[in-house]
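Notes to accompany the following structure.
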Amino acid sequence: MFFIHSKEFEVKIYYVSEGNDLTFLNDEIKNYAKQVGFEGKANTSFTHLGPNSANLIVIGLGEEDKITTQSIRNAAFEAGKILDANRIKEATLVVKAQGEISEKSVGQCSVEAFLHSAYSFDNYKTKPQEKYVETIGILSNDCNQDAIDEAVDITKGNHIARDLVNIPSIDLYPETLANAAKETLEDLGVKVTIYDKKQIQDLGMKAFLAVAEGSDKDPRFIVMEYLPEGKDKKAITLVGKGLTYDSGGYAIKPAKAMDTMKSDMAGAASVIGALYSIAKQGLNKNVVGIVATCENMISGRAYKNGDIVGSMKGTTIEVGNTDAEGRLTLADAIYYAATKVNSESIIDIATLTGACIVALGTKIIGATTSNQELLEKLQDVAKLTGEKIWQLPIDDDFREIIKGEFGDIKNAVMGGGGASTAAAFLEHFTEGKSWVHLDIAGPAWADKPYGYIAEGGTGVPVKTLYNYVKRNQN
Ligand code: BES
Ligand code: MG
Ligand code: ZN
């Protein structure tokens with residue numbers, strides 16, 4: 001799908017808020033709108049399409065003072081679906097400011113959601129679904145071609161992440177994930193370095209290696225460097241959990257809980273997707289992506305409940321539960337980010353705990369931080385991107401609970417607050433750096449479609465990461 005600024009096609013798409021008197025329509029069409037009961041309510045629309053028609057699609061946004069960027073995305077998503085259902089190849093969106101949302105933002109959110117309306121993961125279908133929409137004209141003063149292209153690049157990053165999550169683990173495993181990072185990013189000037197098992201051993205990443213040991217597929221450690229400001233300037237470092245499959249290991253998951261565990265690399269996918277958008281747009285900020293990727297499997301070599309393993313930091317870790325594997329891989333990845341990368345801040349993104357889903361449901365990211373201001377900046381951005389972030393606590397009680405009996409700390413503890421104990425465990429490896437942890441166990445995956453999100457990987461939080469870096473560029 002392509003977007004061309006100012007291009008006028010026959011079919012026009014309008015958004016209207018509730019109670020809008022539709023002055024832009026002639027009396028005949030106004031009467032028609034009345035007849036079909038269209039009042040501009042959210043999630044309603046009316047169309048006048050076909051030969052001898054007004055060639056119109058009008059989408060309701062709901063009450064004017066309640067319009068958010070999400071209202072716009074939902075409206076554009078609906079318009080895209082209507083175009084597709086009517087097999088219309090080209091149409092023009094008339095862009096105006098709506099409620100509190102600026103004209104530029106209305107245009108950008110629309111471009112994003114038109115692209116979402118055409119997204120489907122059909123790499124594995126012998127007959128992929130046909131898509132009809134080819135070109136959308138954007139009629140706007142404020143949303144120029146550059147703004148349009150930015151929205152396209154961000155959404156492409158989101159779709160890259162969705163695809164990576166959706167590819168099953170039979171095809172997407174550490175080696176192929178690392179290759180995908182290289183293929184996606186290297187042409188954009190991102191340096192991608194891939195460490196194999198031997199090199200990971202040399203780095204001393206014993207916690208990460210313990211998790212990887214049970215699989216026939218060797219782990220990879222991926223470092224992605226986007227350094228437009230040169231090597232000496234500090235970077236925002238993004239660390240993504242990269243379990244290409246999480247069976248639970250010997251603490252094996254029940255079958256139902258395993259169904260979607262190819263998605264346990266969604267954090268890594270979001271780092272790769274965000275770096276794509278950041279590099280494609282040429283943002284002027286150093287950003288480094290870090291992924292320790294492996295599979296959590298069962299075999300004669302696999303680690304077991306009760307094992308005590310080392311780590312790159314040197315801390316010994318009691319394995320209370322092999323299914324709390326993400327924090328072991330992240331322990332070494334975060335420690336690497338804190339000690340081997342010139343990081344000004346570290347943001348880790350991880351499908352880390354079922355407890356976070358219990359606390360916040362499937363649509364909200366749980367966050368913990370060592371730097372309140374950094375988290376609030378991210379939350380501020382997230383309000384516009386529609387990727388909700390809610391803070392969870394870490395305090396000395398949680399730090400106390402994770403202390404080990406026979407080793408220094410343990411990876412799984414009883415007593416509730418599982419999202420916070422996991423975060424307290426990660427904090428141990430941050431070396432006092434400015435740090436935000438984003439637990440995306442809920443929103444990374446959609447069991448069924450909602451709003452402009454398709455079933456499967458959601459690409460969360462690519463948009464927020466991109467916009468956060470953009471706000472902090474030099
Ligand atoms: N990958 C899971 C967390 C998860 C659960 C993500 C559901 C998405 C949906 C993680 O590795 C895990 O298994 N966590 C355990 C930790 C527990 C054993 C302390 C959990 O949450 O049950
Ligand atoms: Mg697990
Ligand atoms: Zn996991």
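Keep in mind that what you see is a predicted model, and the values were worked out from it rather than measured. Counting starts at 1 for both ligands and their atoms, in listed order. Sequence positions, counted from 1, serve as the residue numbers for this chain.
- For ligand 1, the atoms closer than 4.0 angstrom to any heavy atom of R327 are 16 (C), 19 (C).
- Ring geometry for F208 against F221 counts as tilted: the plane angle lies between 30° and 60°, on a 0 to 90° scale.
- Per-residue contacts place E325 under 4.0 angstrom from the following atoms of ligand 1 (heavy atoms of the residue considered): 11 (O).
- Every atom of ligand 1 is numbered from 1 in the order shown, and the set under 4.0 Å from a heavy atom of N321 is 18 (C).
- Side chains of T464 and E387: a donor on one and an acceptor on the other come within 3.5 Å.
- Counting only heavy atoms of the protein, atom 2 (C) of ligand 1 lies nearest to D246 OD2, 3.6 Å.
- Residues in residues 107-119 take part in these salt bridge (Lys or Arg N to Asp or Glu O under 4.0 Å) pairs, two or more places apart or across chains: R73-E112, E112-K463.
- Salt bridge absent: D84 and K81 never bring a charged side-chain N and a carboxylate O closer than 4.0 Å.
- At a threshold of 4.0 Å, the pair K156-D163 does not count as salt-bridged, since none of the basic side-chain nitrogens sits closer than that to a carboxylate oxygen.
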CA sep, side-chain torsions, deciding dist, call: K198, D218, salt bridge (charged side-chain N to carboxylate O under 4.0 Å, His left out)
CA-CA 10 Å; K198 171 80 185 39; D218 275 350; over 6 Å; no
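- Just one residue in the list V165, T362, T458, V460 forms a side chain to side chain contact (heavy atoms under 4.5 Å, CB included) with W445, and that residue is V165.
- Within the protein, the N, O or S atoms sitting under 2.8 Å from the Mg ion (ligand 2) are D246 OD2, D323 O, D323 OD1, E325 OE1.
- Residues satisfying the side-chain hydrogen bond (donor to acceptor under 3.5 Å, both in side chains) test with K280, not counting sequence neighbours, are D153.
- For K241, every heavy-atom contact with ligand 1 shorter than 4.0 Å involves the side chain, none the backbone.
- Looking at ligand 1, you'll find an N or O of G354 within less than 3.5 Å of one of its N or O atoms.
- Residue K253 approaches ligand 1 through these ligand atoms, each under 4.0 Å from one of its heavy atoms: 2 (C), 12 (C), 13 (O).
- Ligand 1 lies less than 4.0 angstrom from a heavy atom belonging to I357.
- With rounding to the nearest 0.5 angstrom, the NZ atom of K104 is 11.5 Å from the SG atom of C109.
- A salt bridge between D264 and K241 is present, with a side-chain N of the basic residue lying under 4.0 Å from a carboxylate O of the acidic one.
- With rounding to the nearest 0.5 angstrom, the CG atom of L374 is 5.5 Å from the CD1 atom of I347.
- Residue D323 touches ligand 1 through backbone and side chain together, judged by heavy-atom distances below 4.0 Å.
- No heavy atom of M265 sits closer than 4.0 Å to any atom of ligand 1.
- Ring geometry for H116 versus H159: interplanar angle of 30 to 60°, hence tilted.
- Around the Zn ion (ligand 3), the protein atoms of type N, O or S that sit closer than 2.8 Å are K241 NZ, D246 OD2, D264 OD2, E325 OE2.
- Comparing heavy-atom distances from atom 10 (C) of ligand 1 across D264, N305, L352 singles out L352 as nearest.
- In this structure the side chain of T315 never reaches within 4.5 angstrom of the side chain of Y335, judged on heavy atoms.
- With respect to the salt-bridge test (charged N to carboxylate O, under 4.0 angstrom), the residues E175 and K197 do not qualify.
- Considering M261, M414, M258 only, the shortest heavy-atom separation from atom 8 (C) of ligand 1 involves M261.
- The residue from L352, D348, I365 that alone fulfils the side chain to side chain contact (heavy atoms under 4.5 Å, CB included) condition with L438 is I365.
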